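Reviewing the structure listed below.
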Amino acid sequence: MKTQTYLLAAILMLSVSFGAEAAKKGKNAKVEPQQTSVLEQRQYSVEELKILADQYRNSNDLTGLSEVLSAWSAMEPRRFDLRLELGNVMSTQGKSAEAIKTLKEASAIIPSDEAPHRFMAQVYNQLGNDSLRHFHLLQAAALSQRSWQNQLQLALYYVSKGMNAKAEPLLINAIKINSSCAVAKFEYGKIMLTNGDAENAFRKFSEAVLLNSDNPHYQAFHAYSASLTNRHRIAAGEIAAALKNAPKDPQALYLSAMIHNVNGETAAAEKALRSALSYSPADFQSMEALADLLVTEMKFKEACKYYLTVMEKAGANGQITYKLGKALALDMKFKEAVIFLESAAAKNPDNSENLYGLVDIYCTMDNLKQAAATLARFASAKSIAWYQAAQGRIYEAQNNPELAWIAYLTSHKFNQENPHVNAGFARILTNRNEYDSAMVFFNLAYSQDPVNMRILIDQAKAYEKMGSQESAVEIYEKVAAIYPEYPEIHMTIAVKKSEAGDYKAAVKYLTQGLEIYPKDSKMHFMLGQMYQACNHHESAVTAYQASLKQRGGSNIEALRMIGHIYYSKLTNEKKAKDFFKRYVKAGGKNNEVEEIMKKLNSKEKV
């Protein structure tokens with residue numbers, strides 16, 4: 001009876017002490033740690049510490065529990081369970097060094113027990129020490145091969161390192177040992193999805209959702225795998241449930257975007273990805289996916305911005321560097337594209353498509369020496385289709401269509417879906433004046449690579465060569481509509497419209513072009529010409545002056561044209577003389593200008 005009274009008094013003393021402190025700070029205030037631990041006020045028995053430990057566990061007071069367990073384990077130094085729990089509590093408190101020391105002491109008491117190693121692996125994971133995390137996970141798995149926790153934790157380590165082949169058998173074992181392990185089923189489903197086995201991934205995600213129906217990630221992956229296997233009703237229901245549970249979750253939003261993408265709903269996919277990034281600006285998975293989507297929408301500049309951010313913040317792996325280089329090439333930024341494609345080739349020398357891209361750009365830039373050097377970097381036995389495509393591109397640039405045709409034909413035997421090869425056939429057929437066949441290959445190439453505007457431009461040039469100017473203009477207009485930032489496209493259309501006498505249409509396209517390239521002096525100058533042709537003389541002067549501004553005033557033809565407008569149309573001889581003087585001073589020589597200046601000078605004398 002005395003012992004029970006004594007223990008209750010001890011507990012009461014602690015409760016009163018904590019309660020008094022709370023009363024001072026207010027009913028809902030957080031209790032601050034006391035300057036002197038209650039355990040330091042007197043020595044407690046093991047029975048008392050046991051009761052105190054239970055009290056702290058029930059109240060989730062880790063500070064108090066840690067103190068009690070420390071005192072208790074000091075009184076019973078061979079108690080494995082006390083040190084194991086104390087190490088785990090210290091880990092939760094963020095006291096990593098103390099946790100590791102205590103867990104090592106526990107392991108020394110029972111070396112055959114796996115638990116200390118499993119807990120130490122968790123601590124090292126928090127510290128970012130992957131080497132020691134892996135070591136202790138291996139130790140734990142070796143000591144207890146029937147522990148599904150160990151199998152799972154080691155698998156999760158391999159998943160985090162992208163080593164799915166090592167993770168897969170461990171996940172299978174974890175599921176065999178514990179068929180109710182939803183995490184193992186979920187992670188196994190993700191590996192199946194990565195391996196392209198959407199059907200079995202769907203089944204595993206279904207099992208995970210049955211075990212944990214409120215997990216938004218399980219629901220989202222279940223929805224995505226359902227979409228991939230044409231179970232669209234299930235996909236719609238599950239992704240709606242996932243977003244209802246976690247409307248701001250980047251992973252759920254990302255997978256909803258992927259589902260929209262599978263269904264061809266590009267605008268909805270883009271909206272979901274932008275939403276994911278609004279909630280989590282460092283969600284590089286969504287950022288890369290958005291950049292991929294922007295490429296298909298011909299928004300190359302914005303795509304490049306996102307690719308570059310992923311590279312800088314998440315690491316420049318070969319794949320993301322290649323994507324950036326390819327997007328720059330599509331944006332006609334060849335010099336910049338070469339930098340990143342070369343970097344990607346250094347990181348992943350077996351990417352034959354990347355090497356072809358380099359060969360193509362070097363040929364476009366008329367650097368055939370570098371193109372040939374790049375060709376030598378192919379592992380031709382492993383990538384004969386891309387090697388022959390690159391060889392054909394070089395032969396074509398060397399004006400050797402016969403050898404180019406043979407190389408393209410060899411590549412085509414291995415891969416009939418390569419748009420670069422089909423475009424090569426089309427260009428060669430155009431030069432042979434076999435226009436009908438050329439158009440078949442141009443159309444095929446463009447259908448296979450609808451973001452490559454150079455295919456359309458080459459097709460338009462082929463129409464020009466065969467004398468079909470209207471068809472050529474239609475294609476140029478198509479390029480301007482879907483990718484208005486293509487260099488010179490508005491100027492090209494304006495020239496064609498001008499040649500056809502449609503000066504108003506020429507003005508329209510030049511104005512559109514200047515909205516994108518406001519500093520293009522050539523477009524400003526031609527706009528002045530078109531305004532003149534439309535008898536809009538003041539607008540013509542404004543356009544010519546803009547051309548002068550962008551050329552630093554050195555466009556002497558603009559000076560002459562402004563002088564003529566003031567002399568013959570706006571009847572301002574003073575301004576006409578001023579611009580003609582500037583024209584002559586800049587080195588301009590024109591008989592008509594000389595005659596006009598004589599007349600103007602003679603008037604001044606009179």
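Position 1 is the first residue of the sequence; numbering continues from there. Note that the structure is a prediction, hence the values are computed from the model and not measured.
Between Y387 and F378, the ring-plane angle classifies as perpendicular under the 30° and 60° cut-offs. Using cut-offs of 30° and 60° for the angle between ring planes, the F580 and H564 rings count as perpendicular.
Residues L255 and Q251 are in side-chain contact: their nearest non-hydrogen atoms beyond the backbone lie under 4.5 Å apart. Counting only heavy atoms from C-beta outward, the side chains of N195 and E168 approach each other to under 4.5 Å. Looking only at side-chain heavy atoms (C-beta outward), Y476 and I457 come within less than 4.5 Å of each other. At a threshold of 4.5 Å between non-hydrogen side-chain atoms, the residues Q545 and F579 count as touching. Here the side chains of R454 and D360 are in contact, with some heavy-atom distance below 4.5 Å. I493 places a side-chain heavy atom less than 4.5 Å from the side chain of I489.
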- [ ] In sequence, state the C-alpha distance, the side-chain angles, and the governing distance for R203 and E199, and then conclude on salt bridge (Lys or Arg N to Asp or Glu O under 4.0 Å).
- [x] CA-CA 7 Å; R203 298 183 188 283; E199 180 62 38; 2.9 Å; yes

TODO: Walk me through it: do Y408 and E396 pass the test side chain to side chain donor-acceptor pair (under 3.5 Å)?
DONE: CA-CA 10 Å; Y408 285 143; E396 197 182 345; 2.7 Å; yes

Open item on the list: Assess the residue pair E573 and K599 against the criterion (salt bridge (Lys or Arg N to Asp or Glu O under 4.0 Å)); give the C-alpha distance rounded to whole Å, side-chain angles, the decisive distance to 0.1 Å, and a yes or no.
Closed with: CA-CA 10 Å; E573 293 183 351; K599 291 179 181 178; over 6 Å; no

- [ ] Apply salt bridge (Lys or Arg N to Asp or Glu O under 4.0 Å) to the pair K271 and E265, showing each step before the final yes or no.
- [x] CA-CA 10 Å; K271 181 180 178 181; E265 299 161 354; over 6 Å; no

TODO: Evaluate side chain to side chain contact (heavy atoms under 4.5 Å, CB included) for Y483 paired with L330, printing each intermediate quantity in order.
DONE: CA-CA 10 Å; Y483 180 43; L330 290 168; over 6 Å; no

Task: Step-by-step side chain to side chain donor-acceptor pair (under 3.5 Å) determination, N443 to Q459 - done: CA-CA 9 Å; N443 291 332; Q459 186 176 22; 3.0 Å; yes

- [ ] Give the intermediate values and the outcome of side chain to side chain contact (heavy atoms under 4.5 Å, CB included) for residues M287 and K313.
- [x] CA-CA 11 Å; M287 194 176 292; K313 304 294 185 181; over 6 Å; no

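Taking the ring centroids of F425 and H412, they lie under the 6.0 Å cut-off.
For K204, the NZ atom is densely surrounded, since the number of other residues' heavy atoms within 6.0 Å is greater than 12. More than 12 heavy atoms of other residues, nucleotides or ligands sit less than 6.0 Å from atom NZ of K333. Annotation for N399: atom CG does not count as buried by contact number, only 12 or fewer foreign heavy atoms lying within 6.0 Å.
Counting only distance, with no hydrogens or angles, the side chain of N367 and the backbone of Y362 share no donor-acceptor pair below 3.5 Å. Using modelled atom types, one side-chain atom of T410 and one backbone atom of I406 make a donor-acceptor pair closer than 3.5 Å. Judged by distance alone, with hydrogens and angles left aside, the side-chain atoms of S225 form no donor-acceptor pair with the main-chain N or O of A198 at under 3.5 Å. Side-chain N or O atoms of T542 include one that pairs as donor or acceptor with a backbone N or O of E538 at under 3.5 Å.
Pairs engaging residues 519-556 under the ring-ring contact (aromatic ring centres under 6.0 Å, His included) rule: F525-Y544 [sequence neighbours left out].
Contact between A272 and S256 at its shortest, heavy atoms only, is CB-OG, 3.5 Å. For the pair L273 and A257, the tightest heavy-atom approach, listed with the atom from each and the gap, is CG-CB, 3.5 Å. Contact detail for S411 and V421: the closest heavy-atom pair is OG-CG2, 3.4 Å. When all heavy atoms are compared, the tightest approach of I259 to S227 is CG2-OG, 3.8 Å.
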Return a table of donor-acceptor pairs under 3.5 angstrom between the side chains of residues 297-308 and protein atoms on other chains or two or more places apart.
from: E297; atom 1: OE1; to: K299; atom 2: NZ; distance (Å): 3.4
from: K301; atom 1: NZ; to: D331; atom 2: OD1; distance (Å): 3.4
from: K301; atom 1: NZ; to: D331; atom 2: OD2; distance (Å): 3.2
from: K301; atom 1: NZ; to: E485; atom 2: OE1; distance (Å): 3.1
from: E302; atom 1: OE1; to: R274; atom 2: NH2; distance (Å): 3.4
from: E302; atom 1: OE2; to: R274; atom 2: NH1; distance (Å): 3.1
from: E302; atom 1: OE2; to: R274; atom 2: NH2; distance (Å): 2.9
from: Y307; atom 1: OH; to: D292; atom 2: N; distance (Å): 3.4
from: Y307; atom 1: OH; to: D292; atom 2: OD1; distance (Å): 2.5

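Between R560 and E557, at least one side-chain N (NZ, or NE/NH1/NH2) sits under 4.0 Å from a carboxylate O, which counts as a salt bridge.
Evaluated for a side chain to side chain contact (heavy atoms under 4.5 Å, CB included) with Y583, the options I562, V593, D578 yield exactly one hit, V593.
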